[in-house]
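What follows is a single structure, written as structure tokens, with notes after it.
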Amino acid sequence: MGFHQPQRIAELAVEAGNRKANLPLINMLVLGFLGGAFIAIGYLLDIRVVAGLPDEWGTLKNFIGAAVFPVGLILLIIAGGELLTGNMMAVSISCLAKKVRLQQLVNNWFWITISNFLGSIFIAFFFGHLIGLTGVEPYLSSTVSMAEAKVESGFWASLISGIGCNWLVGLAVWLSYGAEDIAGKILAIWFPIMAFVAIGFQHVVANMFVIPAAIFAGYFSWTEYIGNFVPVFIGNAIGGGIFVGTLYWIAYIETLKPAVAEGSNLLEIRSKQRPRR
């Protein structure tokens with residue numbers, strides 16, 4: 001399996017963030033919808049697998065669920081999709097490299113948040129609620145239990161949990177940039193995603209599926225969901241944007257400087273070539 005050195009991964013992350021920030025709106029919405037749906041499918045698979053397992057299995061039960069959850073990000077990275085938490089890393093480092101403006105970063109995060117939510121809600125309502133994949137026992141109990149653990153977590157606990165989550169998710173996306181083939185990308189994604197799920201960290205897009213799935217079944221409220229969304233969003237932004245994007249930007253700033261300078265010179269040359277009116 002071929003792979004890139006960390007310095008080269010940093011360059012690829014900057015390039016990826018630039019591409020993401022410059023996507024046309026319709027592309028953002030479609031790919032964001034798919035991204036939210038894929039993550040929701042991974043969570044749905046987790047619930048369907050672990051619901052019938054005995055509680056006596058303890059943490060082994062958590063590991064089995066965590067082992068199947070990564071299918072969502074695998075589909076997203078390989079088949080195509082946009083994920084808010086991954087963009088929190090990639091678009092951030094591209095912004096630090098001056099390839100993306102702050103306004104573009106905010107615009108990207110906003111529309112990907114909306115479209116990820118739509119994709120997650122689609123799976124929660126049509127697959128989870130309407131045909132009963134999360135609305136009947138033993139799956140309902142597992143769905144409600146998972147949602148309850150997230151909703152009842154306090155603001156600061158949710159925020160800190162969100163940092164840990166997107167530190168790992170950001171690293172999963174980072175490592176996927178380092179792999180040159182599909183098998184390598186799958187392995188790069190699987191371990192960090194399995195780890196964050198097994199640990200129990202909170203992921204803002206995954207929560208867009210499991211909490212609404214419980215709400216559709218008659219548990220909790222949308223106010224409680226918003227109370228969870230805000231701290232987890234902030235925590236995920238810190239985890240991906242600072243603990244991955246910013247720290248690797250600092251670590252490899254000398255590697256990235258030539259690319260930034262080259263891009264600036266190219267823009268300067270193009271501006272000089274434009275005819276004056």
Side-chain angles (χ1 to χ4, degrees), residues 36 39-40 42-51 53 55 57-70 72-73 83-86 88-89 109 112-113 116-117 119-121 123-125 128-129 134-135 138-172 192-244:
I39 296 301
Y43 212 145
L44 180 60
L45 177 60
D46 180 349
I47 292 169
R48 298 290 294 187
V49 167
V50 305
L53 298 180
D55 292 333
W57 285 23
T59 54
L60 178 60
K61 180 177 177 179
N62 293 337
F63 173 75
I64 293 171
V68 299
F69 186 98
L73 191 61
L83 182 65
L84 173 63
T85 47
M88 285 173 169
M89 178 276 292
W109 287 14
I112 298 303
T113 299
N116 279 177
F117 181 76
S120 299
I121 283 287
I123 301 299
F125 183 76
H129 177 66
T134 58
Y139 311 107
L140 176 59
S141 294
S142 289
T143 302
V144 172
S145 176
M146 292 176 180
E148 184 178 28
K150 300 176 186 305
V151 167
E152 293 190 350
S153 179
F155 182 93
W156 290 108
S158 297
L159 189 150
I160 294 169
S161 178
I163 293 173
C165 169
N166 214 27
W167 195 348
L168 288 169
V169 174
L171 285 172
I193 301 303
M194 176 277 296
F196 108 71
V197 178
I199 291 169
F201 287 147
Q202 295 209 46
H203 186 273
V204 66
V205 179
N207 289 6
M208 290 175 181
F209 164 76
V210 71
I211 300 176
I215 292 173
F216 293 143
Y219 297 82
F220 314 115
S221 67
W222 289 106
T223 301
E224 289 174 296
Y225 169 69
I226 295 299
N228 172 267
F229 171 86
V230 172
V232 175
F233 181 97
I234 295 170
N236 285 174
I238 295 170
I242 296 178
F243 281 74
V244 183

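Nothing fancy with the numbering, it's 1 onward along the sequence. Basis for what follows: all heavy atoms, side chains included, without hydrogens, waters or symmetry-related copies.
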What is the distance from atom CG of L168 to atom NE2 of H203, rounded to the nearest 0.5 Å? 10.5 Å
Nearest heavy-atom contact between A172 and L73 is CB-CD2, 4.1 Å
Would you check, one step at a time, whether the test side chain to side chain contact (heavy atoms under 4.5 Å, CB included) holds for V50 with M146? CA-CA 11 Å; V50 305; M146 292 176 180; 3.9 Å; yes
Distance-only, no hydrogens or angles: does the T143 side chain make a donor-acceptor pair with backbone N or O of Y139 under 3.5 Å? yes
Could you please spell out the steps behind the side chain to side chain contact (heavy atoms under 4.5 Å, CB included) verdict for F69 and I39? CA-CA 8 Å; F69 186 98; I39 296 301; 4.3 Å; yes
Side chain N166, main chain T85, donor-acceptor under 3.5 Å: yes
Can you tell me how far CZ of F196 sits from OG of S161, rounded to the nearest 0.5 angstrom? 9.0 Å
Value rounded to 0.5 Å, distance of CD1 in I121 from CE in M208: 9.0 Å
Check the angle between the aromatic planes of Y43 and F209 and answer parallel, tilted or perpendicular using the 30° and 60° thresholds. tilted
What's the separation between atom CE in M89 and atom CD1 in I242, rounded to the nearest 0.5 Å? 14.5 Å
Measure the spacing between NZ of K150 and CG of N228 and express it to the nearest 0.5 Å. 7.5 Å
Which atom of G65 lies closest to which atom of D46, heavy atoms considered: CA-OD1, 3.2 Å
Identify all side-chain donor-acceptor contacts of residues 234-241 below 3.5 Å with residues at least two apart in sequence or on another chain.
residue	atom	partner	partner atom	Å
N236	OD1	V204	N	2.8
N236	ND2	G162	O	2.7
N236	ND2	Q202	O	3.2

Ignoring hydrogens and angles, tell me if any N or O in the side chain of T59 forms a donor-acceptor pair with the backbone of N62 under 3.5 Å. no
Check whether any side-chain N or O of T113 sits under 3.5 Å from a backbone N or O of W109 as a donor-acceptor pair, and report yes or no. yes
Could you give the distance from SG (C165) to CD1 (I160), rounded to the nearest 0.5 Å? 14.0 Å
Decide yes or no on side chain to side chain contact (heavy atoms under 4.5 Å, CB included) for I193 and V169, but give the supporting numbers first. CA-CA 6 Å; I193 301 303; V169 174; 3.9 Å; yes
Could you check whether atom CZ of F216 has more than 12 heavy atoms from other residues, nucleotides or ligands sitting under 6.0 Å from it? yes
Using 30° and 60° as the class limits, which term best fits the ring planes of Y225 and W222: parallel, tilted or perpendicular? perpendicular
Output yes when a side-chain donor or acceptor of S158 lies under 3.5 Å from a complementary backbone atom of V232, and no otherwise. no
Where the side chain of N116 meets the backbone of V205, is there a donor-acceptor pair that is under 3.5 Å apart? no
